[in-house]
Engineer: 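The structure under discussion is supplied below as structure tokens; questions concerning it will follow.
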Amino acid sequence: MIQEQVARTIKQILGTNEVTFNIPPKREFGDFSTAVCLAQARVQKRPPLEIARDLADELSKRRLPFIREVTVTPPGYVNFKIDHPRYVGSVIERVRRRGADYGRANVGRGRKVLVEHTNVNPNKAMHIGHLRNAVIGDSVVRILDRLGYKVEAANYIDDTGVQVADVVVGMLYLDEPRYDGESEDTSQIWAKYDGSVPFDYWCWDLYARVSQEYETNEELKAKRAEVLHLIEKQNNPVARFAKELATKIVKAHLATVGRLNVYYDLLNWESDIYERGFWKAAFELLKQRGAIEFETEGPNAGCWVVRFGRGLIHTDEGIRSEDKVLVRSNGTVTYTGKDIAYQMWKFGVLGRDFLYKLWGIQPNGKELWTTAPDGIELDRFGRANKVINVIDVRQSYTQQVVYDCLRRVGFVREARNSIHLDYEVVVLSKAAAAELGAEVEDDGSEIQAMSGRKGLGVKGDDLINAMVNRLRDNVRSPENAEILAAAAIRYFMSRISTGKMIVFDFDEALRTTGDTGVYCQYAHARACSILRKAGITGFGKVRVPEQVTLPEQNLVKKIAELPAVMRKAGRELSPTPLARYAFELATAFTDYYERPDPDAAEQVPFIKIQDPVLRTYRLALVDAFRQCMANCLDALGIVPLEEI
RNA sequence: GCGCCUGUAGCUCAGUGGAUCAGAGCAUCUGACUUCGGAUCAGAGGGUCGGGGGUUCGAGUCCCUCCAGGCGCGCCA
């Protein structure tokens with residue numbers, strides 16, 4: 001913030017809009033510097049050194065807060081020396097004053113953002129790829145909330161797709177006793193689940209078995225189409241069975257991500273999108289605005305399509321049209337078509353709405369609502385200014401089609417405010433896949449995609465359980481093990497930027513030393529412990545000594561960065577900068593803890609310092625760190641532990 | 001065929017066109033302390049930032065090109 005103030009002033013003086021800072025090679029030059037005059041030389045057509053001298057003079061006259069001295073070094077750098085005692089005092093004071101709000105800002109000005117994430121098919125247990133989605137999505141929700149946006153977290157439930165149908169087929173028809181095709185009583189079917197493993201785990205195996213069986217069993221495959229049709233038709237025993245199954249799985253999913261401190265405001269069911277006639281409304285709009293055409297010839301004859309690209313193209317699999325089919329020749333709507341309608345709803349421009357029901361109260365104390373056929377009308381959901389869809393990168397093309405269709409219908413602003421937050425997938429190494437018992441093809445590739453159909457993947461709960469097991473013996477309570485495991489996994493998923501594929505490795509994921517969530521929690525708990533042992537309940541006036549040591553300077557500088565890092569995370573829609581920052585902050589604190597005064601003959605523990613002024617000051621700095629770290633972890637969806 | 005993403009130390013990854021911007025962790029090796037919490041800390045070795053060209057006073061960062069790997073371009077969802 002000290003640099004931001006300087007940047008503002010320089011922008012004013014020079015009339016530039018870009019001022020960046022860096023650290024000088026020698027400490028004598030100053031605490032930070034800028035090369036803005038080198039760039040200015042080109043614009044002003046004057047020697048950079050001359051510009052720098054004028055700028056330094058002007059800056060000295062204006063007496064910037066917390067700047068002790070402004071100097072110039074060739075070929076035109078302007079260096080700043082910080083008035084450390086006053087600066088440290090002000091940072092400590094600011095963090096204490098704002099408390100849990102330190103790091104918050106109001107750049108969003110209350111604008112509403114709908115963030116949709118997780119979106120896992122409700123037919124089997126979540127795997128670690130789904131965990132990555134949930135962690136990124138939930139972190140973005142938290143970051144935008146802290147930046148002053150009104151955020152709505154939605155989780156879309158595709159309860160009418162083939163994936164659910166497949167597991168329904170499995171339960172109804174794979175093993176004896178088989179469903180008679182019409183009975184309302186499905187208790188015998190439900191009795192097939194013996195409770196030996198969690199239901200979502202059981203479905204994981206069942207789904208793999210069904211998929212396998214389809215390859216040879218034509219009769220069963222015929223059941224798939226039949227079941228899918230019944231689910232789409234609604235109001236029949238099979239559809240009700242499917243909904244019950246999906247609901248059970250959704251509960252399992254919510255429990256899994258709940259372990260990682262992930263929560264939502266609304267569950268949006270695909271069945272309700274059909275039920276409420278979303279597509280009909282969107283179809284009318286698309287036709288009215290001429291965004292969609294009925295094809296009478298070519299490969300897409302009989303379909304309603306959106307024109308894309310330049311007609312027929314060559315792909316590896318032959319010639320096909322680049323146009324996107326929204327309504328098939330048999331009259332059914334494609335996934336993309338339905339998605340266009342749904343995207344319009346998110347902005348409140350569809351002219352239709354869901355009905356809503358309270359699902360329950362989540363462990364974080366917040367209400368979770370769901371769409372429901374028998375719900376009530378409410379005007380609080382959707383109607384967003386901006387929509388962020390957290391979906392893996394493989395759906396980039398389809399997402400762009402959806403947004404472009406909004407634009408073609410005339411919702412230009414909505415299309416522009418539609419953001420596909422794409423992230424790379426989590427895959428397994430061939431070795432890891434083999435370890436999980438998969439038949440690994442030797443196709444020259446080092447990686448193996450996870451596959452629900454093959455039952456190949458690492459389940460989310462298995463990863464969390466493995467982490468809990470690793471930590472259990474070194475924590476005070478099972479609850480702490482759970483929180484620490486969540487911290488480790490969220491940090492692991494957050495520190496890698498969204499554009500990078502994660503080739504999953506158990507050893508790397510379960511690491512507890514070095515650059516990990518455990519280290520960050522440890523630093524926080526240590527600070528809490530120090531304050532506890534010092535018997536500090538509150539601080540009065542803190543007097544900062546004339547000589548601020550290097551570790552103190554570094555720690556204070558880091559603490560002061562949180563608001564800027566938060567804004568960066570918001571700009572990039574990524575938890576990565578915050579994860580990085582949490583580790584650097586922890587490192588700066590540990591440095592300070594180990595050697596608060598490197599020049600002193602002996603490092604005296606804070607709580608044993610005799611001089612009450614120095615003791616209070618050092619502990620106040622510990623407290624500022626504690627608050628800053630807690631806020632940072634909280635934004636990452638990690639519950640800060642006061643003891644481990 | 002077209003489009004998007006990735007390539008930085010043995011491994012996993014950070015890195016706003018600006019000087020210490022060649023960084024962190026893991027792994028390896030050498031050390032520290034009967035602790036304000038050792039899940040820690042100090043130190044060492046380890047680099048053609050995929051290759052080449054360009055723009056610039058200055059490029060890991062921007063542009064072009066090539067190479068390697070991944071993904072996408074369904075009347076699947």
Side-chain angles (χ1 to χ4, degrees), chain A residues 18 20-27 29 33-36 38-39 41-42 48 73 75-77 121 158 160-163 270 295 299-305 308-310 313-317 320-322 324-330 332 334-336 338-339 392-398 400-401 422 424-425 427 445-447 449 471 474-475 484 495-497 499-503 505 507-508 511-516 518-519 521-523 525-534 568 576-577 579-580 583-584 587 590-591 593-595 603-609 618-619 622 643-644:
Chain A
E18 205 47 56
T20 54
F21 296 98
N22 49 277
I23 307 298
K26 287 181 193 156
R27 197 136 198 114
F29 289 172
S33 63
T34 178
V36 69
L38 299 181
R42 207 177 331 164
T73 45
Y77 289 99
N121 274 305
D158 182 4
T160 62
V162 283
Q163 292 219 20
E270 168 143 302
E295 197 77 286
N300 292 336
C303 301
W304 286 89
V305 303
F308 274 104
R310 285 192 297 273
I313 52 135
H314 299 264
T315 73
D316 299 337
E317 285 137 27
R320 65 162 58 110
S321 168
E322 279 205 316
K324 184 74 197 172
V325 174
L326 296 190
V327 181
R328 303 183 186 100
S329 53
N330 68 6
T332 57
T334 62
Y335 185 89
T336 307
K338 180 233 67 193
D339 225 23
D392 78 53
V393 68
R394 292 173 302 188
Q395 298 223 28
S396 297
Y397 175 73
T398 320
Q400 290 317 310
V401 169
D422 59 326
E424 263 292 355
V425 292
V427 299
S445 168
E446 293 296 312
I447 59 173
L471 299 166
N474 299 312
V475 296
L484 198 55
R495 64 179 261 267
I496 299 172
S497 40
K500 230 160 212 167
M501 185 184 282
I502 296 179
V503 183
D505 176 69
D507 287 338
E508 177 67 14
R511 191 161 51 82
T512 60
T513 59
D515 181 9
T516 64
V518 175
Y519 180 91
Q521 283 279 29
Y522 194 83
R526 176 185 262 163
C528 291
S529 172
I530 291 168
L531 294 167
R532 213 182 300 124
K533 291 207 172 141
K568 185 178 182 186
T576 306
R580 208 69 220 165
F583 179 66
E584 288 167 4
T587 305
T590 310
D591 274 356
Y593 163 85
E594 294 278 348
R595 264 169 313 285
Q603 302 300 322
V604 182
F606 301 155
I607 58 173
K608 291 183 184 152
I609 294 172
R618 290 253 159 98
L619 290 170
V622 172
E643 55 176 30
I644 288 175

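Reminder, nothing fancy here: chain letters follow the sequence lines and each chain counts from 1. Hydrogens, waters and symmetry mates play no part in the numbers below; they use all other heavy atoms, side chains included.
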Engineer: Who is the Watson-Crick or G-U wobble partner of B:A42, with both distances under 3.5 Å?
Structural biologist: B:U30
Engineer: Classify the nucleic acid contact of A:Val401 as base, sugar-phosphate or nothing, counting any heavy atom under 4.0 Å across all strands shown.
Structural biologist: nothing
Engineer: Is A:Ser396 touching bases, backbone alone, or none of the nucleic acid, heavy atoms closer than 4.0 Å?
Structural biologist: nothing
Engineer: Using the C1' atom on both, measure B:U56 against B:G18 and round to a whole Å.
Structural biologist: 12 Å
Engineer: Tell me which nucleotide among B:C41, B:G37, B:A77 gets nearest to the side chain of A:Arg595.
Structural biologist: B:C41
Engineer: Which whole-number value in Å describes the distance from A:Phe583 CZ to B:G23 C1'?
Structural biologist: 11 Å
Engineer: Check every atom of B:G7, B:C41, B:U12 against the side chain of A:Thr590 and return the nucleotide holding the closest atom.
Structural biologist: B:C41
Engineer: Once you round it to whole Å, what is the distance between P of B:C11 and NZ of A:Lys500?
Structural biologist: 13 Å
Engineer: Using whole Å, report how far CD1 of A:Ile447 lies from C1' of B:C71.
Structural biologist: 9 Å
Engineer: To the side chain of A:Lys608, which of B:C36, B:A77, B:U8 is closest?
Structural biologist: B:C36
Engineer: Would you say that A:Thr587 contacts A:Tyr519 through its side chain, given a criterion of any heavy-atom pair below 4.5 Å between the two side chains?
Structural biologist: yes
Engineer: Distance to the ring centre below 6.0 angstrom and angle to the axis at most 45 degrees; does that hold for A:Arg495 and A:Phe583?
Structural biologist: no
Engineer: Reckon A:Asp505 touches a base, only the sugar-phosphate, or nothing at all at heavy-atom distances under 4.0 Å?
Structural biologist: nothing
Engineer: Measure across A:Arg532 and A:Glu643 and return the closest heavy-atom pair with its distance rounded to 0.1 Å.
Structural biologist: NH2-CB, 3.9 Å
Engineer: In whole Å, what separates the P atom of B:G3 from that of B:U8?
Structural biologist: 25 Å
Engineer: Please report the closest heavy-atom contact between A:Ile644 and A:Asn474, naming both atoms and the distance.
Structural biologist: CG2-O, 4.3 Å
Engineer: Contact class for A:Glu643 (heavy atom, under 4.0 Å): base, sugar-phosphate, or nothing?
Structural biologist: base
Engineer: Using heavy-atom distances to pick each residue's nearest nucleotide on RNA chain B, tell me which of A:Thr516 and A:Cys303 is more 5'.
Structural biologist: A:Thr516
Engineer: With C1' as the reference atom in both, quote the distance from B:G47 to B:G23 in angstrom, rounded to an integer.
Structural biologist: 11 Å
Engineer: Report yes or no: does A:Thr334 contribute a side-chain atom to a donor-acceptor pair with the main-chain N or O of A:Val325 at less than 3.5 Å?
Structural biologist: yes
Engineer: Which nucleotide, in any strand shown, forms a Watson-Crick or G-U wobble pair with B:G25, with both distances under 3.5 Å?
Structural biologist: B:C11
Engineer: Report which part of the nucleic acid A:Arg495 touches: base, sugar-phosphate, or nothing (heavy-atom distance under 4.0 Å, all strands).
Structural biologist: base
Engineer: For A:Ser497, answer base if it contacts any base atom (sugar-phosphate contacts may also be present), sugar-phosphate if it contacts only those atoms, and nothing otherwise; contact means non-hydrogen atoms under 4.0 Å.
Structural biologist: sugar-phosphate
Engineer: With a 4.0 Å cut-off on heavy atoms, is A:Thr513 in touch with a base, just the backbone sugar-phosphate, or nothing at all?
Structural biologist: sugar-phosphate
Engineer: Check every strand shown and say whether A:Leu471 touches a base, only sugar-phosphate, or nothing at a heavy-atom separation below 4.0 Å.
Structural biologist: base
Engineer: Over all strands shown, is A:Leu484 touching base, sugar-phosphate only, or nothing at heavy-atom distances under 4.0 angstrom?
Structural biologist: base
Engineer: For B:C66 versus B:A27, give the span between their C1' atoms, rounded off to a whole number of Å.
Structural biologist: 34 Å
Engineer: So what's B:A59 paired with, Watson-Crick or G-U wobble, going by both distances under 3.5 Å?
Structural biologist: none
Engineer: Identify whether any heavy atom of A:Phe606 sits under 4.0 Å from a base atom; if not, whether one sits that close to sugar-phosphate; answer base, sugar-phosphate or nothing.
Structural biologist: base
Engineer: Is there a Watson-Crick or G-U wobble partner for B:C71 with both distances under 3.5 Å, and which nucleotide is it?
Structural biologist: B:G3
Engineer: Just checking A:Asp591: base, sugar-phosphate only, or nothing, at a heavy-atom cut-off of under 4.0 Å?
Structural biologist: sugar-phosphate
Engineer: Under 4.0 Å between any heavy atoms, over every strand shown, what does A:Ile644 touch: base, sugar-phosphate, or nothing? Just pick one.
Structural biologist: base
Engineer: Just call it for A:Tyr519: base, sugar-phosphate, or nothing, with non-hydrogen atoms closer than 4.0 Å on any strand.
Structural biologist: sugar-phosphate
Engineer: With nearest nucleotide decided by heavy atoms, which residue, A:Glu584 or A:Val327, maps closer to the 5′ end of RNA chain B?
Structural biologist: A:Glu584
Engineer: Given 3.5 Å as the limit, does a donor-acceptor pair link the side chain of A:Asn300 with the main chain of A:Cys303, or not?
Structural biologist: no
Engineer: How many whole angstroms separate atom CZ of A:Arg394 from atom C1' of B:U6?
Structural biologist: 16 Å
Engineer: Rounded to whole angstroms, how far apart are CD on A:Glu424 and P on B:U12?
Structural biologist: 15 Å
Engineer: Is A:Ser329 side chain donor-acceptor paired with the B:C75 base, going by distance under 3.5 Å alone?
Structural biologist: yes
Engineer: Considering only the P atoms, how many Å lie between B:U28 and B:C11, rounded to the nearest integer?
Structural biologist: 16 Å
Engineer: Which part of the nucleic acid does A:Ala527 contact within heavy-atom distance under 4.0 Å: base, sugar-phosphate only, or nothing?
Structural biologist: nothing
